[in-house]
Peer 1: 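Can you keep this structure in mind? I'll have questions shortly.
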Amino acid sequence: MELTKDILLDLHRRMVRIRHFEDEAGKLSESGQMPGALHLYVGEEAVAAGVMVHLSDEDQITSTHRGHGHLVAKGGDFKQMYAELYGRSTGYNKGKGGSMHIANVDAGMLGANGIVAAGPPIAVGAGFSNKYRGTKNVAVPFFGDGATNEGSFHEAANMAAVWKLPVVFVCENNGYGEFTPQAEHQAIKDITDRAAGYGMPGIQADGMDAIAVWEAAGEAIERARNGEGPTLLECKTYRYYDHVGRSGIGLEYRSDEELDEYRKEDPIPKIEKHLIDNNVLTADEIQAVHDGILAEIAEAIKFAENSPLPDPSTVTEDVYYTG
Amino acid sequence: MELTKDILLDLHRRMVRIRHFEDEAGKLSESGQMPGALHLYVGEEAVAAGVMVHLSDEDQITSTHRGHGHLVAKGGDFKQMYAELYGRSTGYNKGKGGSMHIANVDAGMLGANGIVAAGPPIAVGAGFSNKYRGTKNVAVPFFGDGATNEGSFHEAANMAAVWKLPVVFVCENNGYGEFTPQAEHQAIKDITDRAAGYGMPGIQADGMDAIAVWEAAGEAIERARNGEGPTLLECKTYRYYDHVGRSGIGLEYRSDEELDEYRKEDPIPKIEKHLIDNNVLTADEIQAVHDGILAEIAEAIKFAENSPLPDPSTVTEDVYYTG
Amino acid sequence: MTAEATTEARQLPYILAITEGVRQSLQEYDTSFLAGEDVGLAGSVFRIYKGLYAEFGPERVIDSPISEAGLIGLGVGAGATGLRPMIDIMFSDFIGECMDEIANQLAKTRYMFGGKTTLPVTVLTMGGGGINLAAQHSQSLEAWLCHIPGLKVMMPATPHDVKGAIIAANRDENPVFVIMNKASLGITGEVPEEPYAVNIGEAIVRREGSNFTIVAIGRMMHEAMTAAEILEKDGIDVEVIDPLTLQPLDTETILTSVRKTHRALVVHEAVRFGGIGAEIAAQIQENAFDDLDAPVGRIGAPFSPVPFSPPLEQAYLPNAQKIADGVKDLIGLD
Amino acid sequence: MTAEATTEARQLPYILAITEGVRQSLQEYDTSFLAGEDVGLAGSVFRIYKGLYAEFGPERVIDSPISEAGLIGLGVGAGATGLRPMIDIMFSDFIGECMDEIANQLAKTRYMFGGKTTLPVTVLTMGGGGINLAAQHSQSLEAWLCHIPGLKVMMPATPHDVKGAIIAANRDENPVFVIMNKASLGITGEVPEEPYAVNIGEAIVRREGSNFTIVAIGRMMHEAMTAAEILEKDGIDVEVIDPLTLQPLDTETILTSVRKTHRALVVHEAVRFGGIGAEIAAQIQENAFDDLDAPVGRIGAPFSPVPFSPPLEQAYLPNAQKIADGVKDLIGLD
Ligand SMILES: Cc1ncc(C[n+]2csc(CCOP(=O)(O)OP(=O)(O)O)c2C)c(N)n1
Ligand SMILES: Cc1ncc(C[n+]2csc(CCOP(=O)(O)OP(=O)(O)O)c2C)c(N)n1
Ligand SMILES: [Mg+2]
Ligand SMILES: [Mg+2]
């Protein structure tokens, strides 16, 4: 597993795509132009990018309420994504799902999910399927620190371990479940402390560093592809915005110092410094990456805004497959 | 914590009471005289006895489908117990519960339970209550190896740990969930491997040795009473009969050798040897203990058989408290 | 009973009536506590418990891990051992996470034990759609709960009733669900300052009328009242009944009305098929068959999950116009 | 459709019809597997899958940990990625452990994704009472499932239908629940040897009659047939309809019968309040109001958990005599 220039560029690009996608979505939501509740991924980009670089469309992920970043990193198309957030019929889910259910099954993205910890058991099903069908594919559930207290996480982890399934459990430990700090929802600091209880390896990566995540994830995914069973990968990370939306409910539950500390660890400037220091990109070239993505986003938002709303008569369509 | 003669006699007595209670119940069930399905506790007596000696009526336990042994050890009255198994109105639950729900709340026995792993969350509630009310009481959920794969076990363990509740989680690891050996339902051998994941101590005791259980449980219970939080206590044990009833469904899923091995470890002869070796009881006195209990059982069975069946009109009573 | 004008004039929004109901419940019993996900510092994502954490402290207003099964278990164990738990399940959509603890433990323990325990447990949860939260945060699942002997189920529509329901639930020795409504948080109404309980199992005649009975559940009561105004213009004099409690159901008040009006429509936000409206309609025709001039109608959501997109969700949810149309249909107008 | 005499004469008990249905499903699709607690070596505690583990091996007949939520999740994930899972939930009472995965994932995923996946998942589970297994192993909870758009729900009463339902469910591209009945395992009937599917959503007229319609669900079909014989002696000619599928419900077959007989009683083992009988009764009176000579009656269990003690359980469960009495009541006899 060599950290080539291509991989560096890829990590960077995926993170920048997420960052701008989320910032623009957050603004649209705040200004009342976008319906529903958005759980933004800003600050945690290194995790999605570092993992997703290893995955193909045949590898599956399950996501969370905080799912846009995962879909962007898994190659999500901005147009269909914004259209979905806007509830338009051109969206990935024809407007039926919205932010909390955005999905692209064709690319192995088995959906954001409004139910905390619903993803792991589904990913176990996908991992089981990969093994059953004799493929080398892996399934990767993403979930938060808070989610690890749900019974469904536990059941999934145990099943994956006893059946040695190709599943890599990626915990995005951002230190909070909504407004509750980790210390008040579990007596442990490291989610990896749970791995031994399933008989699977638990490894950690700095979730504010895409390269670190890439390395750790690569190891775990390779093990899974080789039939050596699941891994619990914990990435310590931080969300820069509130639980919902950018400024959220205005509750003071985190200190400015804490936020500042993690701002200093912002994974995007961090990798950009690496790119420049290692002569992969110049500052101008980096700016061009941002500009290109911002232009793509502007166009996608226009596309979404000009897209039709779904016809009310379609409300009862898509409940069942009818052949 | 001193292993006095009284405690030795108590441990022995509780185990013998369970053993004979269960053997007789098993026979009655096998001969078709007793309705329903009985999950017998024979072989595992040391666990219930070793734990219960430490508890008063103000300490609570939750039990499992395999619950008779827990209730006997918690001071259950044979008459009301057999009457309940027979579905008589004189039973602990007026015949409404039967084997799988037998309970005596007055003595802190919060019920056998037909739902695997339903007990731990309820015990967490009782432990919370003990703490909230400022008592020194503890709550003890019993559960099997198989139960530790249910989400509810996980949620309960985490809650007890983060809130430092006076709860001692007692796992009766008998190596099987129904007919499935442990190695096929979890990738770990020691349930204590799960303790660290909750941030609580995990300790083990030989579940075929009442004295060993008594020692380990005493330690954990004391910690709980002192406000030092929960413990996971794993007792490796074995059930001598089938999953349901004595001979069960006649499936070959355990070897004769395995059974023989554990028969050699039978906790009752083991403690009886100890009693004799240490001049606590003579063989005759031991026999007298058995005889006394058997006589009490014979009387209790007669009581139960002569007790009235509940009046059909009471079927809709006791659903709600109506004042 | 008939809605009576109270002498109290204080107006309070639904959201603050919830807070007050819980506050006064915590004051009334030292043994009561509130536990749930983010109910403490945040006062819930809905801010319905704002201030209670500061007032009662972390021993009595308790932020829990994200563990709904654990939370209901907490209620059962604490309720059986001397406390009066108030358990918050943030969205009623999440009851699937703990239906075993609800249906097999909370509801059945007293019966299984032969009546030898009480479980004075209140479960507070937020139901309903209307704010684009999509399929997993907008449901109305009261039918599941009403089918389970051992539970009581309330769906208060007004600020007055939500406060009174919470206090009533907390005073009751049985498990009671109070399903609050997220789209009603801003609705304002009279709420007496002192603690009071509504009567569990007693429906409320919200509007008297002679031609037609609408039984409207939860938020749909407000839509039915608007529908009644629309219909008044067509000369249809509608009586609106708010059952308030769905389990036990006040069948008598409903039947008395139908025997007078000879026609009825039941409305709820839940999916129509298998909703509680089916039970109410079935009971009406069973008990007042000869009084009926038309079949008992039902309006509920169509047979699909709740869609996200605003025009789809609007098409999905029942409202005043659909109710009025349903009434006209049943009467044979239009 | 009307029950037709098949040319096949082989008799098989319900229990072996289940086994054969699953066996042939596993043969039909390489992508099908069976997973559940103790379904492998033991062939389930009910022995309904006996022999399949030996025949298909541990890759396709899979003993799982005791993790019902995990099991349904397995079905969702495997079903969305090319397999046709058959998931066994040992007792239907345990669906509370996985109602979130059932209602919020399995049922809704296709819709939430805008139709962009199918979930050909079969859930096999054992329902009903009658063998003294008490409150947590005897329930009939089909009403929960029928209220959730996205699921199909079947309750086969006969050996023929249980085999055909399993195969039909496995062939269907949607999630289908097959709720089997533990008190019927010994019932014997004709079962063709070749694989066949019953039609999902098609009710069966079990007995034609002109005076009265009984709609009887699951095992209650047999009790209704006996009741019909009792009633024949009183000159009441009863038509018995077995819906077989509850979701989607074959309303047309029921209505056709009621339009002929003018009277109906719906019977199920589930608690009467909020049971699927309420929906059926509500639909009958909505759609055939003018054809009805009497209200639509309902018989179900009383409002309590299932009691353990045999005389209590017998008092609790509906049976032929109670059905016959119910019919006479509605007709105004006695
Ligand atoms: C079953 C369930 N319970 C509660 C919620 C409400 N909820 C949404 S997000 C969230 C916090 C999740 O915390 P974590 O898993 O750490 O993820 P994060 O938001 O920090 O990314 C909660 C409690 C939910 N959506 N589903
Ligand atoms: C929720 C639930 N799932 C499945 C069952 C069926 N069942 C009853 S006992 C049992 C095995 C329990 O194994 P374990 O916890 O090890 O206890 P043991 O029987 O060995 O004492 C199972 C699967 C159940 N009663 N409840
Ligand atoms: Mg978090
Ligand atoms: Mg075991």
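Note on naming: letters A, B, ... go to the chains in the order of the sequence lines (proteins, then strands), and numbering restarts at 1 for each one. Any value given below was found using the heavy atoms of this structure, including those in side chains, with hydrogens, waters and symmetry copies removed. Owing to the predicted nature of the structure, the values given are computational and were not obtained by experimental measurement.
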Peer 1: Which atom pair, heavy atoms only, marks the closest approach of D/Cys146 to C/Phe273?
Peer 2: O-CD2, 3.4 Å
Peer 1: Pull out the residues in residues 276-290 of chain D that come under 4.5 Å of chain C, heavy atom to heavy atom, sorted by number.
Peer 2: D/Ile276, D/Ala278, D/Glu279, D/Ala281, D/Ala282, D/Gln283, D/Gln285, D/Glu286, D/Phe289
Peer 1: Using a cut-off of under 4.5 Å for heavy-atom pairs, which of D/Ala270, D/Pro307, D/Ala301 has the most such pairs with chain C?
Peer 2: D/Pro307
Peer 1: So what's closer than 4.5 Å to chain D heavy atoms on C/Phe303: side chain, backbone, both or neither?
Peer 2: both
Peer 1: Taking C/Gly275, C/Cys98, C/Ala134, C/Pro302 one by one, which has the highest count of heavy-atom pairs under 4.5 Å against chain D?
Peer 2: C/Gly275
Peer 1: Among C/Pro305, C/Ala294, C/Ala107, C/Gly150, which has the most heavy-atom pairs under 4.5 Å with chain D?
Peer 2: C/Pro305
Peer 1: With sequence neighbours left out, write down each residue that passes side chain to side chain contact (heavy atoms under 4.5 Å, CB included) with C/Ile200, or none if nothing qualifies.
Peer 2: C/Lys152, C/Met154, C/Ala168, C/Asp172, C/Val176, C/Thr245, C/Pro248
Peer 1: Can you confirm whether D/Met99 sits close enough to C/Glu97 that some side-chain heavy atom of one is under 4.5 Å from a side-chain heavy atom of the other?
Peer 2: no
Peer 1: Which pairs of donor and acceptor atoms, one on a side chain in residues 67-77 of chain D, lie under 3.5 Å apart (sequence neighbours left out)?
Peer 2:
{"unit_1": "D/Ser67", "atom_1": "OG", "unit_2": "B/Asn149", "atom_2": "O", "d": "2.9"}

Peer 1: Within a strict 4.5 Å, meaning less than it, do heavy atoms of the C/Ile148 and D/Leu141 side chains meet?
Peer 2: yes
Peer 1: Under 4.5 Å heavy-atom distance to chain D, tell me which part of C/Ala135 shows up: side chain, backbone, both or neither.
Peer 2: both
Peer 1: With sequence neighbours left out, which residue pairs that include part of residues 139-150 of chain D fulfil the side-chain hydrogen bond (donor to acceptor under 3.5 Å, both in side chains) condition?
Peer 2: C/Asn104-D/Gln139, C/Lys108-D/Gln139, D/Asp93-D/Gln139
Peer 1: Below 4.5 Å, heavy-atom pairs only: which of C/Pro295, C/Gly274, C/Gly96 has the largest tally toward chain D?
Peer 2: C/Pro295
